Participant: 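This structure is in C-alpha coordinates; I'll ask about it shortly.
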Amino acid sequence: MATETAGRRQTARDPEATAPAREQDVRPMRADARRNYERLLTEARTAFTEHGTDTSLEDIARRAGVGIGTLYRHFPNRTALMGAVFQGEVDALLGYAKELADAPQPCAALVDWLRAIITHASTYRGLSRALMTASADETSGMARCSVPMREAGGALLARAQQAGAVRPDVNITDLMQLTNGIALAVEESPDDPGLADRLLTLTLSGLKAGTR
(Lines give C-alpha, C1' and ligand atoms only; values in the text may rest on other atoms or scores of the structure.)
Protein backbone atom coordinates (compact mmCIF):
# COMPACT_ATOMS: atom_id res chain seq x y z
CA MET A 1 0.00 0.00 0.00
CA ALA A 2 1.48 3.34 -1.09
CA THR A 3 0.52 5.26 2.02
CA GLU A 4 2.06 2.62 4.26
CA THR A 5 5.30 2.76 2.25
CA ALA A 6 5.33 6.52 2.64
CA GLY A 7 4.74 6.08 6.34
CA ARG A 8 7.82 3.91 6.69
CA ARG A 9 9.88 6.64 5.02
CA GLN A 10 8.74 9.07 7.69
CA THR A 11 10.45 7.03 10.38
CA ALA A 12 13.66 8.86 9.56
CA ARG A 13 12.01 12.09 10.71
CA ASP A 14 10.39 10.67 13.85
CA PRO A 15 12.56 10.85 17.01
CA GLU A 16 11.01 7.77 18.55
CA ALA A 17 11.07 5.90 15.28
CA THR A 18 14.80 6.42 14.82
CA ALA A 19 15.77 4.62 18.03
CA PRO A 20 17.78 1.52 17.13
CA ALA A 21 15.54 -1.56 17.13
CA ARG A 22 18.20 -3.69 18.81
CA GLU A 23 18.56 -1.18 21.63
CA GLN A 24 14.82 -1.20 22.38
CA ASP A 25 14.78 -4.99 22.31
CA VAL A 26 17.28 -4.97 25.19
CA ARG A 27 16.20 -1.95 27.22
CA PRO A 28 12.78 -1.43 28.83
CA MET A 29 10.46 0.82 26.84
CA ARG A 30 10.66 4.49 27.86
CA ALA A 31 7.62 5.93 29.61
CA ASP A 32 6.66 8.12 26.63
CA ALA A 33 7.16 5.23 24.21
CA ARG A 34 5.01 3.00 26.41
CA ARG A 35 2.24 5.60 26.43
CA ASN A 36 2.39 5.87 22.65
CA TYR A 37 2.31 2.09 22.35
CA GLU A 38 -0.77 1.81 24.57
CA ARG A 39 -2.56 4.66 22.78
CA LEU A 40 -1.88 3.05 19.42
CA LEU A 41 -3.28 -0.26 20.64
CA THR A 42 -6.38 1.43 22.05
CA GLU A 43 -7.09 3.35 18.87
CA ALA A 44 -6.33 0.35 16.64
CA ARG A 45 -8.70 -1.83 18.67
CA THR A 46 -11.46 0.76 18.28
CA ALA A 47 -10.79 1.25 14.58
CA PHE A 48 -10.67 -2.49 13.86
CA THR A 49 -13.93 -2.99 15.71
CA GLU A 50 -15.71 -0.15 13.93
CA HIS A 51 -14.21 -0.35 10.45
CA GLY A 52 -12.40 -3.69 10.12
CA THR A 53 -8.75 -4.60 9.89
CA ASP A 54 -8.28 -2.76 6.59
CA THR A 55 -8.75 0.60 8.28
CA SER A 56 -6.16 3.29 7.56
CA LEU A 57 -3.02 3.07 9.67
CA GLU A 58 -2.53 6.80 9.19
CA ASP A 59 -5.92 7.40 10.81
CA ILE A 60 -4.97 5.18 13.73
CA ALA A 61 -1.74 7.10 14.27
CA ARG A 62 -3.56 10.42 14.02
CA ARG A 63 -6.19 9.38 16.57
CA ALA A 64 -3.42 8.23 18.90
CA GLY A 65 -1.76 11.64 18.58
CA VAL A 66 1.49 10.33 17.08
CA GLY A 67 3.19 10.33 13.71
CA ILE A 68 2.92 7.38 11.35
CA GLY A 69 6.62 6.80 11.90
CA THR A 70 5.98 6.12 15.57
CA LEU A 71 3.33 3.57 14.64
CA TYR A 72 5.80 1.75 12.39
CA ARG A 73 8.46 1.94 15.07
CA HIS A 74 6.26 -0.12 17.37
CA PHE A 75 4.50 -2.16 14.69
CA PRO A 76 6.55 -2.61 11.49
CA ASN A 77 3.53 -3.70 9.46
CA ARG A 78 -0.23 -4.10 9.64
CA THR A 79 -0.13 -7.74 10.70
CA ALA A 80 2.18 -6.91 13.61
CA LEU A 81 -0.35 -4.34 14.84
CA MET A 82 -3.20 -6.80 14.35
CA GLY A 83 -1.33 -9.47 16.30
CA ALA A 84 -0.84 -7.09 19.22
CA VAL A 85 -4.47 -5.95 19.17
CA PHE A 86 -5.83 -9.49 19.03
CA GLN A 87 -3.55 -10.81 21.76
CA GLY A 88 -6.22 -10.21 24.39
CA GLU A 89 -8.73 -12.34 22.51
CA VAL A 90 -6.13 -15.04 21.98
CA ASP A 91 -5.23 -15.06 25.68
CA ALA A 92 -8.90 -15.48 26.57
CA LEU A 93 -9.25 -18.40 24.15
CA LEU A 94 -6.08 -20.03 25.46
CA GLY A 95 -7.42 -19.68 28.99
CA TYR A 96 -10.70 -21.25 27.94
CA ALA A 97 -8.83 -24.15 26.33
CA LYS A 98 -7.13 -24.80 29.68
CA GLU A 99 -10.49 -24.79 31.44
CA LEU A 100 -11.77 -27.39 28.97
CA ALA A 101 -8.66 -29.59 29.17
CA ASP A 102 -10.24 -31.96 31.71
CA ALA A 103 -13.86 -31.70 30.60
CA PRO A 104 -15.72 -35.03 30.93
CA GLN A 105 -16.85 -34.93 27.29
CA PRO A 106 -13.76 -34.22 25.13
CA CYS A 107 -15.67 -33.84 21.87
CA ALA A 108 -18.14 -31.37 23.37
CA ALA A 109 -15.21 -29.45 24.87
CA LEU A 110 -13.58 -29.20 21.44
CA VAL A 111 -16.78 -27.95 19.84
CA ASP A 112 -17.34 -25.42 22.65
CA TRP A 113 -13.85 -24.06 22.07
CA LEU A 114 -14.36 -23.83 18.31
CA ARG A 115 -17.61 -21.97 18.92
CA ALA A 116 -15.75 -19.53 21.18
CA ILE A 117 -13.24 -18.87 18.39
CA ILE A 118 -16.06 -17.91 16.07
CA THR A 119 -17.57 -15.60 18.69
CA HIS A 120 -14.25 -13.84 19.33
CA ALA A 121 -13.43 -13.58 15.62
CA SER A 122 -16.72 -11.79 14.98
CA THR A 123 -15.56 -8.90 17.18
CA TYR A 124 -13.22 -7.64 14.46
CA ARG A 125 -14.11 -7.68 10.80
CA GLY A 126 -11.17 -9.28 9.01
CA LEU A 127 -9.75 -11.25 11.94
CA SER A 128 -10.82 -14.66 10.64
CA ARG A 129 -9.32 -13.94 7.22
CA ALA A 130 -6.07 -12.81 8.82
CA LEU A 131 -5.87 -15.97 10.93
CA MET A 132 -6.46 -18.12 7.86
CA THR A 133 -3.61 -16.38 6.06
CA ALA A 134 -1.30 -16.59 9.08
CA SER A 135 -1.70 -20.37 9.28
CA ALA A 136 0.44 -20.69 6.16
CA ASP A 137 3.11 -18.19 7.27
CA GLU A 138 4.66 -18.59 10.70
CA THR A 139 6.82 -15.49 10.11
CA SER A 140 3.69 -13.34 9.93
CA GLY A 141 2.93 -10.82 12.65
CA MET A 142 -0.20 -12.86 13.28
CA ALA A 143 1.82 -16.01 14.05
CA ARG A 144 1.90 -14.94 17.71
CA CYS A 145 -1.84 -15.56 17.62
CA SER A 146 -2.18 -18.55 15.31
CA VAL A 147 0.66 -20.74 16.64
CA PRO A 148 -0.45 -20.95 20.31
CA MET A 149 -4.05 -21.35 19.14
CA ARG A 150 -3.11 -24.39 17.08
CA GLU A 151 -1.23 -25.84 20.04
CA ALA A 152 -4.18 -25.36 22.39
CA GLY A 153 -6.65 -26.70 19.85
CA GLY A 154 -4.37 -29.63 19.10
CA ALA A 155 -4.50 -30.72 22.74
CA LEU A 156 -8.31 -30.61 22.78
CA LEU A 157 -8.48 -32.45 19.47
CA ALA A 158 -6.11 -35.17 20.72
CA ARG A 159 -8.34 -35.79 23.75
CA ALA A 160 -11.40 -36.12 21.53
CA GLN A 161 -9.54 -38.53 19.26
CA GLN A 162 -8.28 -40.59 22.19
CA ALA A 163 -11.87 -40.85 23.41
CA GLY A 164 -12.83 -42.27 20.03
CA ALA A 165 -15.17 -39.36 19.27
CA VAL A 166 -13.19 -37.82 16.41
CA ARG A 167 -11.56 -39.49 13.42
CA PRO A 168 -7.81 -40.06 13.89
CA ASP A 169 -6.94 -38.54 10.50
CA VAL A 170 -8.28 -35.08 11.44
CA ASN A 171 -5.50 -32.55 12.07
CA ILE A 172 -5.70 -29.27 13.94
CA THR A 173 -4.48 -27.12 11.05
CA ASP A 174 -7.37 -28.21 8.83
CA LEU A 175 -9.82 -27.89 11.69
CA MET A 176 -8.70 -24.35 12.49
CA GLN A 177 -9.03 -23.40 8.82
CA LEU A 178 -12.57 -24.79 8.81
CA THR A 179 -13.39 -22.84 11.96
CA ASN A 180 -11.98 -19.60 10.57
CA GLY A 181 -13.92 -20.25 7.37
CA ILE A 182 -17.11 -20.55 9.41
CA ALA A 183 -16.23 -17.33 11.24
CA LEU A 184 -15.74 -15.61 7.89
CA ALA A 185 -19.13 -16.87 6.68
CA VAL A 186 -20.76 -15.60 9.87
CA GLU A 187 -19.04 -12.25 9.40
CA GLU A 188 -20.54 -11.98 5.93
CA SER A 189 -24.03 -13.01 7.13
CA PRO A 190 -24.77 -10.87 10.20
CA ASP A 191 -28.53 -11.35 9.79
CA ASP A 192 -28.33 -15.13 10.27
CA PRO A 193 -27.60 -15.73 13.99
CA GLY A 194 -27.97 -19.50 13.66
CA LEU A 195 -25.42 -19.90 10.88
CA ALA A 196 -22.43 -20.65 13.12
CA ASP A 197 -24.18 -23.49 14.95
CA ARG A 198 -25.49 -25.02 11.71
CA LEU A 199 -22.06 -24.98 10.10
CA LEU A 200 -20.41 -26.32 13.26
CA THR A 201 -22.94 -29.16 13.31
CA LEU A 202 -22.09 -30.02 9.72
CA THR A 203 -18.39 -29.89 10.57
CA LEU A 204 -18.86 -32.15 13.58
CA SER A 205 -20.72 -34.73 11.49
CA GLY A 206 -17.65 -35.00 9.28
CA LEU A 207 -15.26 -35.23 12.24
CA LYS A 208 -16.96 -38.10 14.02
CA ALA A 209 -15.18 -41.41 14.11
CA GLY A 210 -16.54 -43.91 11.60
CA THR A 211 -17.43 -41.27 8.98
CA ARG A 212 -15.65 -40.70 5.67
Side-chain angles (χ1 to χ4, degrees), residues 45 48-49 52-53 77-190 192-212:
R45 187 173 292 109
F48 289 166
T49 301
T53 57
N77 51 53
R78 183 180 294 272
T79 55
L81 177 58
M82 290 166 60
V85 168
F86 301 147
Q87 191 61 53
E89 277 66 34
V90 171
D91 289 344
L93 288 167
L94 295 179
Y96 189 38
K98 290 181 179 179
E99 292 176 15
L100 295 170
D102 298 318
Q105 295 183 312
C107 187
L110 175 63
V111 173
D112 285 347
W113 191 69
L114 297 179
R115 185 178 289 109
I117 291 176
I118 295 170
T119 299
H120 279 263
S122 66
T123 304
Y124 303 101
R125 185 175 185 84
L127 173 55
S128 52
R129 183 179 291 106
L131 287 171
M132 291 178 76
T133 301
S135 68
D137 180 10
E138 293 194 1
T139 65
S140 163
M142 286 293 291
R144 63 187 291 181
C145 297
S146 61
V147 172
M149 290 275 285
R150 283 203 304 273
E151 293 173 352
L156 293 175
L157 173 60
R159 284 193 73 231
Q161 290 171 323
Q162 290 165 5
V166 175
R167 290 164 35 188
D169 61 330
V170 175
N171 66 70
I172 190 58
T173 299
D174 290 348
L175 186 55
M176 292 296 290
Q177 288 290 69
L178 277 171
T179 303
N180 286 320
I182 292 173
L184 183 58
V186 171
E187 179 182 298
E188 297 296 331
S189 305
D192 188 353
L195 181 61
D197 280 336
R198 294 200 308 275
L199 293 179
L200 273 174
T201 298
L202 287 173
T203 299
L204 179 59
S205 67
L207 295 177
K208 287 182 178 178
T211 61
R212 292 288 176 181

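Treat the numbers as computed from the prediction; the structure is a model and nothing was measured.
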Participant: Minimum heavy-atom separation for Arg159 to Leu100, with atom names?
Facilitator: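 The pair with the smallest heavy-atom distance is NH1-O, 3.6 Å.
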Participant: So which atom in His120 and which in Leu93 form the shortest heavy-atom distance, rounded to 0.1 Å?
Facilitator: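 Taking every non-hydrogen atom into account, CD2-CD2, 3.6 Å.
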Participant: Measure the spacing between CG of Leu195 and CD1 of Ile182 and express it to the nearest 0.5 Å.
Facilitator: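 Between Leu195 CG and Ile182 CD1, I get 8.5 Å after rounding to 0.5 Å.
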Participant: Which atoms form the tightest heavy-atom contact between Leu110 and Val166, and what is the distance?
Facilitator: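 For Leu110 versus Val166, the nearest heavy atoms are CD2-CG2, 4.4 Å.
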Participant: Which value, rounded to the nearest 0.5 Å, describes the distance between Gln177 atom CD and Asn171 atom CG?
Facilitator: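 Answer for the CD-CG pair, Gln177 versus Asn171, is 10.0 Å.
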Participant: Can you name the residues that form a salt bridge (charged side-chain N to carboxylate O under 4.0 Å, His left out) with Arg115, not counting sequence neighbours?
Facilitator: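 With neighbours one apart ignored, the set is Asp112, Asp197.
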Participant: Around atom CD of Gln87, are there more than 12 heavy atoms of other residues, nucleotides or ligands at under 6.0 Å?
Facilitator: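 Yes, the 6.0 Å shell around CD holds more than 12 heavy atoms from other groups.
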Participant: Considering all heavy atoms of both residues, which atom of Gln161 and which atom of Arg167 are nearest to each other, and what is their separation?
Facilitator: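 Shortest heavy-atom contact: NE2-O, 3.0 Å.
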Participant: Determine the minimum heavy-atom distance between Ala196 and Ile118, stating which atoms define it.
Facilitator: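 Here Ala196 and Ile118 meet closest at CB-CG2, 4.1 Å.
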Participant: For Glu99 and Trp113, what are the C-alpha separation, side-chain angles and deciding distance, and is it a side-chain contact (heavy atoms from CB on, under 4.5 Å)?
Facilitator: CA-CA 10 Å; Glu99 292 176 15; Trp113 191 69; over 6 Å; no
Participant: Measuring from atom CD of Glu89 to atom CZ of Arg45, what distance do you get when rounded to the nearest 0.5 angstrom?
Facilitator: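 If I round to the nearest 0.5 Å, the distance is 7.0 Å.
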Participant: Do you know the tightest heavy-atom contact between Leu199 and Ala185?
Facilitator: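 Shortest heavy-atom contact: CD1-CB, 4.1 Å.
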Participant: Taking side chain as C-beta onward, heavy atoms only, is Leu204 less than 4.5 Å from Leu200?
Facilitator: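 A side-chain contact under 4.5 Å is absent here.
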Participant: So, taking the atom named CG in Leu114 and the one named OG1 in Thr203, what distance separates them when rounded to the nearest 0.5 Å?
Facilitator: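 Those atoms lie 8.5 Å apart.
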